[in-house]
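Numbering starts at 1 and runs along the sequence shown. Note that ligands are numbered from 1 as they come in the structure, with each ligand's atoms numbered from 1 the same way.
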Amino acid sequence: MKKKRKVLIFDTTLRDGEQSPGASLTIREKLRIARQLVKLGVDCIEAGFPAASEGDRRAVAAVAAEIKDTGVAALARCLPGDIETAARALAKAARPRIHVFLATSRIHREFKLGKAKEEIVRQAAASVRTARKYFDEVEFSPEDASRTELNFLAEVVGEVIAAGAGTVNIPDTVGYSTPEEYGGIISYLKENVPDISRAVISVHCHNDLGLAVANSLSAVRAGAGQVECTINGLGERAGNASLEEIVMAMKVRKDFWGVTTGINTRQIFKTSRLVSHLTGIAVQRNKAIVGENAFAHEAGIHQDGVLKERTTYEIMRPRDVGVPRSRLVLGKHSGRHAFRDRLQDMGYRLSDGEIELAFEKFKRLADKKKHVFDEDIEVIVDEQIQAVPEVFSLVYLNVTTGNTTVPTATVRLKKGDKVMQDAACGDGPVDAACKAVDRITGVRGEMKEYELKAVTGGKDALGEVTVRVKVGGRLRAGRASSTDIIEASVKAYLNAINRLVGRNRPRASGKKRPASA
Ligand code: KIV
Ligand code: ZN
C-alpha cells in the first residue's frame, strides 16, 4: 500500500487562539497547555508574539525553555526589532522557528500599510534574510493572502523562498475564501512559483463564514503540507480552523484525503477540556468531535441502531478521541503519595508547598464529596496555583432567599488582618452577595458574563463559576468552585475583583496585536 503523505500540524492556540475575545492565559497556564500539546503530538507550537508585550515575550521564553521535542515558534512583524525580540525569546528553544508576516492584499497595502507592491516584496525578503541570521527555520506569511492578486502573491512567495523561508503560510486572514477557491490558490502557487518545492506550503484559515476547516482540507488536497489550527477552534473573531476537526476528518476519511498526521488522537478530548478550562471559553455542546453531544444518541431509532451495530450511527469511537468515562481517581482515604502521583500524571509540576496546599483542599473536598475525579483535582490545583493575590478573601457568607423573600446576603471579607462585614439585598442571592462585596471593597463591579457548570456528574458535583466583571471600563475574569454554587459565585466575583485590585500578575500576552508593519 502506498505510504500516506504526512501533513504537519502547527498549533497556534497559544498565539492566535489567545487572541480570541475573552481568552487570556497566564504564563503557567500557557506552559500547561504547551505540555499537553506535546502529548497530543503537534509538530510545532506557536507560543506567542514576543514583541506584542513583555508578558508574551516571557511566556514564549518559558515555553521555549521547557519544550524540547516539539518545534516552538514565535510571531514577528517584518521589523528588525520584532525579529530580535523573537530571537531573544526563543534563545533556549531546541527547535526554534520564527514566523514573520506582512500583509500583501491591495486593501491592506493601500489602507493599512500605505505601501506599494515593490516595497512589500523588498521588506518581506529583507526580513526573511534578517530572520535567517538568527534562525534555521523561517516561516513567512503574506497576511490576507487569499485576497491578494494571485500573480503578486506568487511573486512574494517566490522572493521569500529565495531569501530563505522554509515554510510559506497562506492565510485566509478574514475567513473570506471558499474551499474551491482556496484550494485553487494553493494549486496556482504550486504551478507558478518556480522553487515552491523548496518550501512547505502551510495554510491558516479563519472561520468567519464557518469554512475554516473545509478551506484547510481543500488546501491539503491541493498539496499543502502544513495546517495551522487551534484547539476548540479558538482564535481572532470567529476563530481559526479547529485542530480536532481537521485531524479527525483526515483520520476518519483517510480513504478520501489520503494523508496522515502525527497526532495522538486519544489526547484530543483532554486537550480540549484543558484549553476550555484555562481560557474560560466553553465548548458548545454540539461542537464536532469534542462537544458534549458529539457522541450522544438521543433518538430512539439511533440508540437502537447503535446497540445493534455501533457503525450504524457512529463514524468514530469516542475512545479514539479520548472521551473518557470520568475516572474515579481518589477518595477520602487516599494518601499524599497517590495524590502526588496523580498530579504528575495530569501534567502538573508543583512545588512541595503547593502540593501540600492542594492536598489539604483535596481532603476537604473528599470529606464533602464521595467521588473525586480528575476534573475536580484540576479545579483544586488551578485555584491553588493561579497566583491571583488574595487581597480580599471570603470568610463568611450567609444568604436568605426564596420566592416570597427579598434575597439578602451578609458577607464578611478579610483584607490583611482586618475583617469587614456588610449586607445587601439584590435580584437574587448572587446579586445580593456581590453587592455586599462591592460595599465592602468599595469597587463597583458590573457582572457582564456569568457561567456555571458542574465539573463532574452527580448531585454533589463541584460547581465551577466563571465570570467576567467590568470595573471602570476594564473587564476581568474570575473563576472559582465549590460544592455550594452561591459560594462559588461570590468567590469567582471576588477573584475578578482581586485581579483588579491586587498587583496584576503579568498576562502572558498583550491582548492587542500591534499594528502591522
Ligand atoms: O490570520 C492571519 O493572517 C495571521 C497571520 C499573522 C498568520 O494570524
Ligand atoms: Zn490568524
Side-chain angles (χ1 to χ4, degrees), residues 8-21 23 44-53 56 60 71 73-79 82-83 85-86 97-109 111-113 120 123-124 127-128 131 137-148 153 156-157 160 165-177 182 185-186 199-213 215-216 219 224 226-243 246 509-517:
L8 302 172
I9 299 295
F10 178 105
D11 181 277
T12 183
T13 307
L14 300 181
R15 198 275 298 170
D16 216 325
E18 211 222 4
Q19 287 174 212
S20 290
C44 190
I45 297 170
E46 187 165 46
F49 185 176
S53 72
D56 227 18
V60 172
L75 186 70
R77 291 168 295 181
C78 278
L79 295 174
D82 273 31
I83 296 169
T85 307
R97 176 190 299 196
I98 190 165
H99 176 189
V100 283
F101 73 101
L102 180 62
T104 51
S105 67
R106 190 183 59 76
I107 301 178
H108 281 236
R109 289 192 316 263
F111 299 106
K112 188 177 82 176
L113 303 176
I120 298 283
Q123 189 179 350
S127 300
V128 170
E137 277 191 50
V138 175
E139 169 168 336
F140 176 81
S141 282
E143 192 187 9
D144 205 17
S146 57
R147 292 193 299 171
T148 301
L153 184 63
V156 174
V157 167
V160 295
T167 302
V168 281
N169 181 42
I170 310 299
D172 181 24
T173 302
V174 289
Y176 182 75
S177 207
Y182 194 60
I185 296 174
I186 305 304
V200 173
I201 302 179
S202 170
V203 290
H204 176 115
C205 297
H206 280 269
N207 206 27
D208 300 65
L209 292 174
L211 292 171
V213 169
N215 287 344
S216 306
Q226 173 177 286
V227 176
E228 302 200 354
C229 42
T230 57
I231 302 298
N232 300 336
L234 291 183
E236 189 83 44
R237 303 181 309 281
N240 288 64
S242 126
L243 180 147
I246 294 203
S509 67
K511 219 39 240 149
K512 283 207 167 66
R513 238 164 68 172
S516 288

message = Run the side chain to side chain contact (heavy atoms under 4.5 Å, CB included) test against Ala47 and tell me which residues pass, sequence neighbours left out.
response =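 Here the qualifying residues are Val60, Val63, Val72.
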Element-labelled atoms of ligand 1 that are located less than 4.0 Å from some non-hydrogen atom of [X]:
{"X": "Ser141", "result": "7 (C)"}
{"X": "Glu143", "result": "3 (O)"}
{"X": "His206", "result": "1 (O)"}

inquiry  = Main chain of Ser177, side chain of Asn215: is a donor-acceptor contact present, judged purely on distance under 3.5 Å?
reply    = yes
Close approach of Glu228 to ligand 1, heavy atoms, under 4.0 angstrom =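 No, that is not the case, since the closest heavy atom of the residue is not under 4.0 Å from the ligand.
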ask   = Got an N, O or S from Asp16 under 2.8 Å of the Zn ion (ligand 2)?
value =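 Of the N, O and S atoms in Asp16, at least one lies under 2.8 Å from the Zn ion (ligand 2), which means yes.
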query = Hey, is Glu143 close enough to Lys112 for a salt bridge, meaning N to O under 4.0 Å?
reply = yes
remark   = Among His204, His108, His99, Gln19, closest by heavy atom to atom 4 (C) of ligand 1 is His204
ask   = Partners of Asp11 by side chain to side chain donor-acceptor pair (under 3.5 Å), sequence neighbours excluded?
value = Thr13
key: ligand 1-proximal atoms of Glu139, by part, heavy-atom distance under 4.0 Å   = neither
query = When you check the side-chain N and O atoms of Ser146 and Asp172, is any donor under 3.5 Å from an acceptor?
reply =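 Looking only at side-chain atoms, Asp172 and Ser146 do form a donor-acceptor pair, the distance falling under 3.5 Å.
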